[in-house]
*Asks:* 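Dropping a structure here in structure tokens format, bear with me for questions.
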Number of protein chains: 2
Amino acid sequence: MQEPPEAEPAVPCCPPLTSAELSEADARTMAAMFKALSDPVRLRLFSRVASHPGGEACVCDIQDVGVSQPTVSHHLKKLREAGLLTSERRGTWVYYRVAPGVLAAMAAMLTRHS
Amino acid sequence: MQEPPEAEPAVPCCPPLTSAELSEADARTMAAMFKALSDPVRLRLFSRVASHPGGEACVCDIQDVGVSQPTVSHHLKKLREAGLLTSERRGTWVYYRVAPGVLAAMAAMLTRHS
């Protein structure tokens, strides 16, 4: 199966934390990703998108997390800026999906090399 | 192979982000762990401990990250409080290691269930 162009890992960074000391540059990149997931509401929104059937969620499907709609928009913007979500406007709504490769890249950084 | 007692996950939290929407409680627990790794200096300190031969590092081995010694201590305390590092004083020095299971637990949360 041919991989669509957007399936390239969004995050080429970084070696596993257990394999060698992180460089300053890699530490900055990686810290920014962790930071994007360091807020409980943001994490729940991310989880809603990540677990949504088809891997994609309309903003209309995920905004019921107990905060105002502008706050939801703010968090989704932060997740997009950190490279964790991609978005696409179709008609009235914006649809979000997890950026390809990003979860696998983060998991790999946390996996103990053997 | 029998698992050593210390291999129990330190972090029973949480299901994979892609499997279902996170509960509020799980989101709080998980966000706190990500937050502990969301600072570049803290992440480099953590990586120094995690990649140190034997999996353990004396504070004297890891404090050369370009910040003051009190700042190093502050970051190490935050990592300990988040359950990511354990510490033990032996003689003059405090020794740190990655809390057993914590990296595997975090990686599992980020791994796409199939």
Side-chain angles (χ1 to χ4, degrees), chain A residues 11 13-53 55 57 61-62 64-67 75 79 82 84 97-98 100-113, chain B residues 7 11 13-53 55 57 61-62 64-67 75 82 84 97-98 100-113:
Chain A
V11 190
C13 158
C14 305
L17 282 174
T18 55
S19 68
E21 187 189 330
L22 275 184
S23 70
E24 276 190 61
D26 281 356
R28 271 196 302 274
T29 306
M30 203 166 160
M33 287 188 291
F34 286 128
K35 187 160 190 160
L37 297 178
S38 70
D39 176 278
V41 173
R42 204 143 67 217
L43 196 55
R44 287 183 71 207
L45 280 169
F46 184 79
S47 167
R48 282 201 167 190
V49 173
S51 65
H52 210 261
D61 293 327
I62 56 174
D64 172 30
V65 285
V67 295
H75 283 313
L79 288 165
L84 294 172
R97 45 174 71 239
V98 176
V102 72
L103 286 178
M106 289 182 81
M109 289 183 247
L110 293 168
T111 300
R112 196 169 285 277
H113 70 127
Chain B
V11 189
C13 159
C14 306
L17 283 174
T18 55
S19 68
E21 187 188 333
L22 275 183
S23 71
E24 275 190 61
D26 282 355
R28 271 196 301 274
T29 306
M30 202 167 161
M33 286 188 292
F34 285 128
K35 187 161 188 157
L37 296 178
S38 71
D39 177 278
V41 172
R42 203 141 70 218
L43 195 55
R44 287 184 71 206
L45 280 169
F46 183 78
S47 166
R48 281 202 167 189
V49 174
S51 65
H52 209 261
D61 293 325
I62 56 173
D64 172 28
V65 285
V67 295
H75 283 312
L84 293 173
R97 43 174 71 239
V98 176
V102 73
L103 285 179
M106 289 181 81
M109 289 182 247
L110 293 169
T111 300
R112 196 170 284 277
H113 70 127

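Chain A is the first sequence line, chain B the second, and so forth, proteins listed ahead of strands; every chain is numbered from 1.
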*Asks:* OG1/A/Thr18 to NE2/B/His52 distance, rounded to the nearest 0.5 angstrom?
*Replies:*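 So the OG1 of A/Thr18 and the NE2 of B/His52 are separated by 14.0 Å.
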*Asks:* Nearest 0.5 Å please: distance from the CZ atom of A/Arg44 over to the OG atom of B/Ser23.
*Replies:*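 Result: 7.5 Å between the selected atoms.
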*Asks:* What's the shortest heavy-atom distance between B/Pro40 and A/Ala31, and which atoms?
*Replies:*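 Nearest heavy atoms, B/Pro40 then A/Ala31: N-CB, 3.6 Å.
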*Asks:* Are any non-hydrogen side-chain atoms of A/Leu43 and B/Leu17 less than 4.5 angstrom apart?
*Replies:*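 Counting from C-beta outward, A/Leu43 and B/Leu17 do come under 4.5 Å.
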*Asks:* Tell me, out of B/Gly66, B/Ala32, B/Ser47, B/Ala36, who's got the most heavy-atom pairs with chain A below 4.5 Å.
*Replies:*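 Among the listed options, the one with the most contacts to chain A is B/Ser47.
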*Asks:* Hey, what do you get for NZ (B/Lys35) to CG (A/Leu37), rounding to the nearest 0.5 Å?
*Replies:*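 Here the rounded value is 13.0 Å.
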*Asks:* Kindly give the heavy-atom pair with the smallest separation between A/Ser19 and B/Ser51, and that separation in Å.
*Replies:*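 Shortest heavy-atom contact: C-CB, 3.9 Å.
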*Asks:* Please report the shortest heavy-atom distance between B/Met106 and A/Leu110, naming the atom on each side.
*Replies:*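 Taking every non-hydrogen atom into account, CB-CD1, 3.7 Å.
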